[in-house]
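For this chain, numbers begin at 1 and follow the sequence in order.
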Amino acid sequence: FFTLTSNEIKNHCPNCKVGISLVGPNPSDRWFNAITSICNTIDFLDLHQYHSETMDELKEFEDTGLTKWKTSCPGVEIISIETGIPSEPFTQKGTVWELGTSETKQAQDLIKYLTMMFNAGYNKIYYYLFDHDYVLGIPDMFEHVGLLNKDNSKKISFTSYKTMIEKVDYFTSITKLSDGQYKYAFSSKGPVYILWCDSGFCKLPLEITGSVKITDYLGNKEIKDASQITLGESPVFVEEK
């Protein structure tokens, strides 16, 4: 059925892209086998990702979450039109979220979350602007994951998301240097590093030296020598001056 639908769409709209949407990247074996059998008829997979409540879970997903898809559907674009983390304390099915949980942490953690998703193999990620899609009267994560409040005022995350777009949009590749240290490459400019340190003391990548431009998650910029940079839980963007 899907193959027939895809062919019909392409016959009437050759430039249209056809894909399949799933509520998460880890469906049942039955669904996985069914979808991978028709990879040659789809242009993209929409695999929603908002299931990692802790940094350890996100690291595990980053290592293995899309491996089967990338192996079974090589060349197929992988996107997520549903990604978000809460901006206030939230418990889901007995699990307490550690990512997000306040407006400030949401603003900082979304940069980490999206970076680790890109490194896992996502090509495009669409973060929630606002969502009414929840059952009234029943606490639901989607009530709190957006970049806007119910009155349409901007959360801090609106600014951090905008900052991330300004810094790494149109990147051509991403490389993980170590935990909390990523290098975005571009075809028309030098690399941009996203760096953070969740615990202890973290050294700067050896390839970052001399005078550099540092931008924090709110878009504030400063120029300093790389030797003066101290990494913390709040992510920073580092690039050539």
Side-chain angles (χ1 to χ4, degrees), residues 19-27 32 35 43-87 90 92 95 97-101 105-129 131 141-142 144-147 155 157-158 160-186 191-198 217 233-237:
I20 295 178
S21 180
L22 297 174
V23 295
N26 297 309
F32 178 82
I35 294 171
D43 300 297
F44 68 88
L45 286 163
D46 170 26
L47 307 178
H48 303 172
Q49 169 59 21
Y50 43 78
H51 303 286
S52 301
E53 293 95 352
T54 69
M55 187 59 69
D56 285 341
E57 288 178 342
L58 189 53
K59 288 178 182 177
E60 182 179 351
F61 171 77
E62 179 185 28
D63 291 337
T64 61
L66 297 179
T67 301
K68 290 199 307 181
W69 287 113
K70 290 187 292 184
T71 301
S72 301
C73 296
V76 172
E77 188 176 44
I78 300 177
I79 73 172
S80 173
I81 64 169
E82 290 193 24
T83 292
I85 53 178
S87 59
F90 182 76
Q92 185 178 41
T95 301
W97 274 70
E98 295 178 6
L99 297 170
T101 72
K105 279 196 90 268
Q106 181 196 41
Q108 296 170 343
D109 287 351
L110 76 81
I111 294 174
K112 303 177 185 180
Y113 204 103
L114 301 189
T115 291
M116 295 171 77
M117 285 178 64
F118 281 133
N119 189 59
Y122 276 93
N123 301 103
K124 294 185 178 71
I125 305 170
Y126 300 86
Y127 195 92
Y128 277 102
L129 183 65
D131 190 11
M141 181 183 73
F142 297 110
H144 312 296
V145 299
L147 304 175
K155 295 180 184 178
S157 55
F158 186 97
S160 68
Y161 188 55
K162 180 180 178 182
T163 300
M164 185 175 186
I165 291 173
E166 291 173 347
K167 288 299 177 182
V168 302
D169 205 11
Y170 300 110
F171 72 92
T172 55
S173 66
I174 181 172
T175 303
K176 181 177 182 179
L177 304 177
S178 64
D179 284 349
Q181 301 190 354
Y182 296 83
K183 179 180 180 180
Y184 285 82
F186 304 83
V192 175
Y193 299 83
I194 292 185
L195 311 172
W196 69 86
C197 182
D198 284 323
Y217 71 105
E233 292 185 2
S234 181
V236 294
F237 302 87

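- Summarising the geometry, atom CG belonging to Asp109 is positioned 5.0 Å from atom CD1 belonging to Ile85; distances are rounded to the nearest 0.5 Å.
- Nearest heavy-atom pair, Pro235 versus Ile194, reported as atom, atom and distance to 0.1 Å: CB-CG2, 4.4 Å.
- Residues Gly146 and Ser157 come closest through the heavy atom pair O-OG, 4.0 Å.
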Checklist entry - So Gln181 and Lys176, side chain to side chain contact (heavy atoms under 4.5 Å, CB included) or not? Walk me through it. => result CA-CA 6 Å; Gln181 301 190 354; Lys176 181 177 182 179; over 6 Å; no

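- A distance of 9.0 Å separates OG in Ser80 from CG in Leu114, rounded to the nearest 0.5 Å.
- At a threshold of 4.5 Å between non-hydrogen side-chain atoms, the residues Ser52 and Glu60 do not count as touching.
- At least one side-chain heavy atom of His48 sits less than 4.5 Å from a side-chain heavy atom of Ile81.
- Qualifying ring pair (Phe, Tyr, Trp, His ring centres under 6.0 Å) partners for Tyr127, counting only residues two or more places apart in sequence or in other chains: Tyr161.
- Between atom CD1 of residue Ile125 and atom OG1 of residue Thr83 there is a gap of 6.0 Å, rounded to the nearest 0.5 Å.
- For the pair Leu66 and Phe61, the minimum side-chain heavy-atom distance is below 4.5 Å.
- The closest side-chain heavy-atom distance from Ser234 to Trp196 is not below 4.5 Å.
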Next on the checklist: side-chain hydrogen bond (donor to acceptor under 3.5 Å, both in side chains), that's the test. Do Lys183 and Thr175 meet it? Break it down for me.
Outcome noted: CA-CA 5 Å; Lys183 179 180 180 180; Thr175 303; over 6 Å; no

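- How far NE2 of His144 is from OG of Ser87: 7.0 Å, rounded to the nearest 0.5 Å.
- Listed for the His51 side chain is a donor-acceptor partner under 3.5 Å among the backbone atoms of Val23.
- Of the inter-residue distances, the one linking Leu45 atom CG with Ile79 atom CD1 reads 9.0 Å to the nearest 0.5 angstrom.
- The closest side-chain heavy-atom distance from Leu47 to Ile78 is below 4.5 Å.
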Taking distance alone, no hydrogens or angles, what donor-acceptor pairs closer than 3.5 Å link side-chain atoms of residues 164-173 to residues at least two apart or in another chain?
from   : atom 1 : to     : atom 2 : distance (Å)
Lys167 : NZ     : Thr215 : OG1    : 3.4
Lys167 : NZ     : Glu239 : OE2    : 2.6
Thr172 : OG1    : Ala185 : O      : 3.1

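- Phe32 has its side chain within reach of Ser72: a pair of non-hydrogen atoms, C-beta onward, lies under 4.5 Å apart.
- Every pair passing side chain to side chain donor-acceptor pair (under 3.5 Å) that includes a residue from residues 110-123 is listed here, sequence neighbours excluded: Gln49-Tyr113, Glu62-Asn119, Lys112-Asp198, Thr115-Tyr184.
- Taking the salt bridge (Lys or Arg N to Asp or Glu O under 4.0 Å) definition, one finds that Glu98 meets it with nothing, sequence neighbours left out.
- Of the inter-residue distances, the one linking Lys59 atom NZ with Met116 atom CE reads 6.5 Å to the nearest 0.5 angstrom.
- Annotation: side chain of Ile111 is in contact with side chain of Phe237 (closest heavy-atom distance under 4.5 Å).
- For Phe44, the ring pair (Phe, Tyr, Trp, His ring centres under 6.0 Å) test picks out no residue, with sequence neighbours left out.
- At distances below 3.5 Å, at least one donor-acceptor pair connects side-chain atoms of Trp69 with backbone N or O atoms of Pro25.
- Counting only heavy atoms from C-beta outward, the side chains of Gln108 and Ser160 never approach each other to under 4.5 Å.
- Scanning for side chain to side chain contact (heavy atoms under 4.5 Å, CB included) contacts around Thr95 gives Glu53, with sequence neighbours left out.
- A side-chain donor-acceptor contact under 3.5 Å links Tyr128 and Glu82.
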